[in-house]
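Data block below; observations after.
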Number of protein chains: 2
Amino acid sequence: MSNDNSKRRLTTNARTLVESSYNRIRSDIIGGKLAPGSKLRIDELRGDYKIGASPLREALNRLAGEGFVTVEEQRGFSVAPVSPDDLRDLSSMRVMLECEALRESIRNGGDEWEANLVAAHHRLQKAEQSFGKDLAEWEQRNDEFHEALLAACPSSWLLRLRHVLYEQHKRYRFIAILSQQAGRDVHREHREILEATLARDVKAACKATELHIQYTMESSIRVFAELEKDTPIAV
Amino acid sequence: MSNDNSKRRLTTNARTLVESSYNRIRSDIIGGKLAPGSKLRIDELRGDYKIGASPLREALNRLAGEGFVTVEEQRGFSVAPVSPDDLRDLSSMRVMLECEALRESIRNGGDEWEANLVAAHHRLQKAEQSFGKDLAEWEQRNDEFHEALLAACPSSWLLRLRHVLYEQHKRYRFIAILSQQAGRDVHREHREILEATLARDVKAACKATELHIQYTMESSIRVFAELEKDTPIAV
DNA sequence: CTGTGTAAAAATATCGATAATATAAAAAAA
DNA sequence: TTTTTTTATATTATCGATATTTTTACACAG
């Protein structure tokens, strides 16, 4: 066994080739390296990611289930398109599901949940201070904070559907982060959600969440409109 | 070419082997032929459905994306478990999403939508009269009626998520149909939804939908409790 | 009774052959 | 000359057989 690093763990914490290619393609779609609407030719990807066709196809099928990729019978796979309309749709759905989950989480959360939530917020705060330094780190902490908020929600279907939308939304948030997010204080938005939640004030917490999602959407749509003038992203 | 019926269209309207095995496994899961929680060994399925491993794995990955099948790294696939708790969860999520979709549909629906809705209800009514005769036919018409109700909803994500839950719910409805549905008049429930919808009475339509889903749930849970006494379905 | 090693079973990945589809080029008709 | 239709070629997806890796079960020694 000489080349064990090519065989085991192609990317961090992925045990199988399906898993690792799934992760890579997914983050390439989220990060915009694979353009929305573009065809995903098996042979090309085979070359790019250096794996066989079967695990690739499995990964693509999995991504299709989550809406990152579209499948057409005998026409192959392509990257799901993005559009301002889709973003608006996604955002309003997120408001509905995140608020409902937060409501349930506040109702059911105990001391343990509160403690974890405060801890997650603290870690996010730390990462926010070194914002420019490590974007991936901040992303991770942001995800964890928002998950901690909803951790006490007992409905696994609600959490599951929310997760799908949240992940989809990342494609757009990636665009928003590129913009200057004019006059926006994400840090403060997070703190407001946290405080309302700890105060068990469902109404205020939901309102703060709604605004948080809305601001992100508006920020993205602005950039989107700019981008689309030059190169139409959605096909 | 002698055996073209083995190559093309193994089951009705499926163009590829992936599609056809996907359909068959899915309906076997919904119909309960593949027991909840049981392992889906590739080799066994290969024998049962007479196809190769690659298309099978692709079909299973697709089913995993929709929650019919669970995947564990290097441990293979298994049928997603069912439980009364899962049914309750599923039902309350359905109430939320179906009502929201119905609200939007009522707001946006025009004459065309109304006409199609009335037509779908009529077809369902016809199928209901010959209830015992063709259950698959009734199922189809029922799906179509509920889809027609929401057809004018402009949010494709809402419809998509609703669809996932609706399909999941079929596993439980299959159980409910087996029971006598004591004292239930599904026909009347449908008519009430239709009438409130045509009257553009959002509140009444949502209430009727909520009751419709709730009754189905209660009906299933009763049978469920009976079944579980003898053989624990959920593992 | 616990831990380690080995054998069997099962899942995963790759490869090569086959079938389907799209693209292009060429010919015929308008 | 342009447009349409047909045919041939090239590209691409699909599929099953085989090889590799991993897990699990079981036996045996400590």
Side-chain angles (χ1 to χ4, degrees), chain A residues 1-26 34 37-65 68-80 235, chain B residues 1-25 34-35 37-65 68-80 235:
Chain A
M1 295 242 177
S2 55
N3 57 342
D4 39 301
N5 87 326
S6 79
K7 285 290 178 187
R8 30 180 91 234
R9 301 196 173 216
L10 273 172
T11 56
T12 48
N13 59 30
R15 296 164 50 82
T16 69
L17 286 186
V18 175
E19 187 84 358
S20 99
S21 46
Y22 167 86
N23 285 334
R24 289 185 62 185
I25 295 172
R26 207 186 110 195
L34 291 168
S38 65
K39 280 222 89 192
L40 292 166
R41 260 170 278 271
I42 301 286
D43 272 348
E44 277 180 33
L45 296 173
R46 251 173 61 89
D48 292 350
Y49 298 115
K50 305 264 186 266
I51 52 176
S54 308
L56 245 176
R57 295 185 58 81
E58 284 186 40
L60 289 174
N61 271 302
R62 222 130 114 184
L63 287 165
F68 283 110
V69 161
T70 58
V71 203
E72 257 184 299
E73 287 287 307
Q74 255 137 1
R75 296 270 193 96
F77 303 86
S78 41
V79 181
V235 179
Chain B
M1 292 253 177
S2 55
N3 58 342
D4 40 302
N5 87 326
S6 79
K7 284 290 177 186
R8 32 182 88 230
R9 302 198 172 211
L10 272 171
T11 57
T12 48
N13 58 34
R15 295 161 51 82
T16 69
L17 286 188
V18 174
E19 186 85 356
S20 102
S21 46
Y22 168 86
N23 285 334
R24 290 185 61 184
I25 296 172
L34 292 168
S38 65
K39 284 223 86 188
L40 292 167
R41 258 172 280 273
I42 301 285
D43 272 347
E44 279 180 31
L45 295 174
R46 248 174 61 90
D48 293 350
Y49 297 113
K50 304 265 187 265
I51 52 173
S54 311
L56 246 176
R57 294 185 57 81
E58 282 186 40
L60 290 173
N61 272 300
R62 221 131 114 186
L63 287 165
F68 284 111
V69 160
T70 59
V71 202
E72 258 184 299
E73 287 287 303
Q74 249 131 9
R75 299 270 191 95
F77 304 85
S78 41
V79 181
V235 179

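Atoms considered below: every heavy atom in the structure, side chains included; atoms not considered: hydrogens, waters and symmetry mates. Chain letters run A, B, ... following the sequence lines, proteins first and then strands; every chain starts at 1.
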Could you work out which one of [options] sits closest to the side chain of [X]?
X: Leu17(A); options: dT23(D), dA10(C), dA13(C); answer: dA13(C)
X: Ser54(B); options: dT23(D), dA17(D), dA10(C); answer: dA17(D)
X: Gln74(B); options: dT12(C), dG16(D), dA10(C); answer: dT12(C)

Worksheet item: DNA chain C: Arg46(A) or Gly76(B), which has the more 5' nearest nucleotide?
Response: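 Result of the comparison: Gly76(B).
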Worksheet item: What does Pro55(B) touch in the nucleic acid at a heavy-atom separation under 4.0 angstrom: a base, only the sugar-phosphate, or nothing?
Response: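 Pro55(B): backbone/sugar contact only, no base atoms under 4.0 Å.
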Worksheet item: Contact class for Lys39(B) (heavy atom, under 4.0 Å): base, sugar-phosphate, or nothing?
Response: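 Since only primed, P, OP1 and OP2 atoms lie under 4.0 Å of Lys39(B), the category is sugar-phosphate.
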Discussion item. Once rounded to the nearest 0.5 Å, what's the spacing between atom CD of Glu19(A) and atom CG of Leu17(A)?
Written reply: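 Reported value, rounded in 0.5 Å steps: 10.5 Å.
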Worksheet item: Nearest 0.5 Å, what's the CG-CZ distance between Leu34(A) and Arg26(A)?
Response: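 These two atoms lie 13.5 Å from each other.
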Starting at atom [atom1] of [X], determine the distance to atom [atom2] of [N], rounded to an integer number of angstrom.
X: Ile42(B); N: dT23(D); atom1: CD1; atom2: C1'; value: 16 Å
X: Asp43(B); N: dA8(C); atom1: CG; atom2: C1'; value: 14 Å
X: Leu56(B); N: dA11(C); atom1: CG; atom2: P; value: 12 Å
X: Phe77(A); N: dT11(D); atom1: CZ; atom2: P; value: 21 Å
X: Lys50(A); N: dA13(C); atom1: NZ; atom2: P; value: 18 Å
X: Glu44(B); N: dA10(C); atom1: CD; atom2: C1'; value: 11 Å
X: Leu60(A); N: dT12(D); atom1: CG; atom2: P; value: 15 Å
X: Arg41(A); N: dA22(C); atom1: CZ; atom2: C1'; value: 11 Å

Validation row: [X], [Y] side chains within 4.5 angstrom (heavy atoms):
X: Tyr49(B); Y: Ile25(B); result: yes
X: Arg57(B); Y: Phe77(B); result: yes
X: Leu56(A); Y: Leu40(A); result: no

Discussion item. At less than 4.0 Å, is any side-chain N or O atom of Arg75(B) found next to OP1 or OP2 of dA11(C)? Yes or no.
Written reply: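 It does not, given that no N or O in the side chain of Arg75(B) lies less than 4.0 Å from OP1 or OP2 of dA11(C).
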